[in-house]
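Contents: one structure, followed by commentary.
Note that the structure is a prediction, hence the values are computed from the model and not measured.
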Amino acid sequence: MENQSQTINQLAETKIPQELLQFSSLPDDIIIEILLRLPVKSLLKLSCVSKSLLSLLSTPHFINTQIKFSVKQSKNVNLRLVIVASVSGLVGKMCSVYSLICENSSVNVAKIDYPLKPPFGSAKFLGSCNGLICLTPMSFKLMLWNPSTGKHKEFQDSFVKWAVNCYIRYGFGYDSVNDDYKVVKIFSFSRNEGKFENRVKIYSLKDDSWKMGEGFYSGYVNAQSGMFLNGSLHWEVSHCRDSVGSSEIMTLDLSTETYGVMALPDCGNKNTSWMLSVLGGCLVACCNYYPDRTDMWVMKEYGVEKSWTKMVSDLTAPFGRLGYISPLSVSENGDEVLVKLGTNISLYTRRNASHKSLDIDSSGCCLQVQAITYIESLASPHVGE
């Protein structure tokens, strides 16, 4: 609370535009507090009222404070999600992009504008942080996109020499020490006895360039994209690609660019696979039991392995279908869980083990569905904005 009060006081020292003061006798710090609570769309409309309002709402200090406020206030009951549904068409793969809002146990789905208009290749989500989403809109290109403001930035993907017979993993997050957004790309080459040599490249938004990072040896990195939390990216790593043996979490601190290891929960069963997620500001590990059951564990205190706690037990797939259940949000009492399973997004109710599928794509021929959470923020994909 003390840090937040200091931040509000610093913002209050900024000259409040007369357009606001003439309608209110409130103190400046209260006006700032009100502005921070407004939806991004309202802030964007205010910025068009006058140059002075635009100046206030465009300052890096206000934008960073609004991001911190949104991160702190975001809860599972008030999430925004972006969903990409890829379908087959005469011109190849097509994508429809949707916004999904979960509020008060209700789910609303609506199409939203996407920076690239169809036809275009199937986009892949690589990560979400502070309201920015990193994705691949087409071959050899990456994009940072803020769905709330509509701003986006495209940049070239990066490669390494002799990148054959390798698999690729990504990660996206925020380096708070250097005030920089970074994209991590891992090139993994199979070596002996289930070991992999990993070469790493890191993109800096501030520098608008790629550089070689420190490589490492590991088991098989299962997750296509690392989960960002507490300044670090997290990937689940198994000792052997096709093994059902022990696994662990590999971390990469984006500020120091150093690696670490965290233990997964002890599920007491070896015939399992793992999937990581972030819900309500906590790391979540989903233990998928073959063929159709999942337990969800939450790390209540980050970095403390003993704080792993089972949040949801025996979350089952509909019709006994095989597949990994990926959680998107969970109600405060843990009874309702919004999950992705294959091409299906559904609301799972634990008390009667029922699934209510969401009508995402009206064409009925959806090939692939991706979903990623984000917060509403003023974060810009362009340096200096």
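Side-chain N or O atoms of Ser377 include none that pairs as donor or acceptor with a backbone N or O of Ile67 at under 3.5 Å. Side chain of Ser55 to backbone of Lys51: no donor-acceptor contact under 3.5 angstrom is found. A donor-acceptor pair is defined here as one N or O able to donate and one able to accept, closer than 3.5 Å; no such pair exists between the side chain of Thr149 and the backbone of Leu378. At distances below 3.5 Å, not a single donor-acceptor pair connects side-chain atoms of Asp180 with backbone N or O atoms of Ser204. Side-chain atoms of Asn222 never come within 3.5 Å of backbone atoms of Met275 as a donor-acceptor pair (strictly under, hydrogens ignored). Trp235 places no side-chain N or O within donor-acceptor distance of the main-chain N or O of Leu252, the cut-off being under 3.5 Å. Counting only distance, with no hydrogens or angles, the side chain of Ser277 and the backbone of Val284 share no donor-acceptor pair below 3.5 Å.
Inspection of the Asp179 and Tyr174 side chains reveals an N or O donor paired with an N or O acceptor under 3.5 Å. Ser148 and Glu376 share no donor-acceptor pair across their side chains, judged by distance under 3.5 Å alone.
Closest of all the heavy-atom pairs between Tyr289 and Asp295 is OH-OD2, 3.2 Å. In plain terms, the two heavy atoms of Phe196 and Ser188 that are nearest each other are CD2-CB, 4.4 Å.
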Problem - Stepwise side chain to side chain contact (heavy atoms under 4.5 Å, CB included) test for Arg169 and Asn198 - result: CA-CA 10 Å; Arg169 297 294 183 255; Asn198 301 285; over 6 Å; no
Practice task
List the steps, then state whether side chain to side chain contact (heavy atoms under 4.5 Å, CB included) holds for Leu35 with Phe62.
Solution key: CA-CA 10 Å; Leu35 289 174; Phe62 182 85; 4.0 Å; yes
Practice task
Decide yes or no on ring-ring contact (aromatic ring centres under 6.0 Å, His included) for Phe228 and Phe172, but give the supporting numbers first.
Solution key: CA-CA 7 Å; Phe228 179 74; Phe172 169 66; 7.8 Å; no
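Because its NZ or CZ atom is both nearer than 6.0 Å to the ring centre of Phe159 and within 45° of the ring axis, Lys185 counts as a cation-pi partner of that residue.
Annotation: Lys206, atom NZ; neighbour count of heavy atoms from other residues, nucleotides and ligands within 6.0 Å is above 12.
Residues forming a side chain to side chain donor-acceptor pair (under 3.5 Å) with Tyr181 (at least two apart in sequence, or on another chain): Asn130. By the side-chain contact (heavy atoms from CB on, under 4.5 Å) test, Glu257 is found to be paired with Lys182, Ile202, Lys211, residues two or more places apart in sequence or in another chain being considered. Checked against side chain to side chain donor-acceptor pair (under 3.5 Å), Asn178 has the following partners two or more places apart in sequence or in another chain: Asp175.
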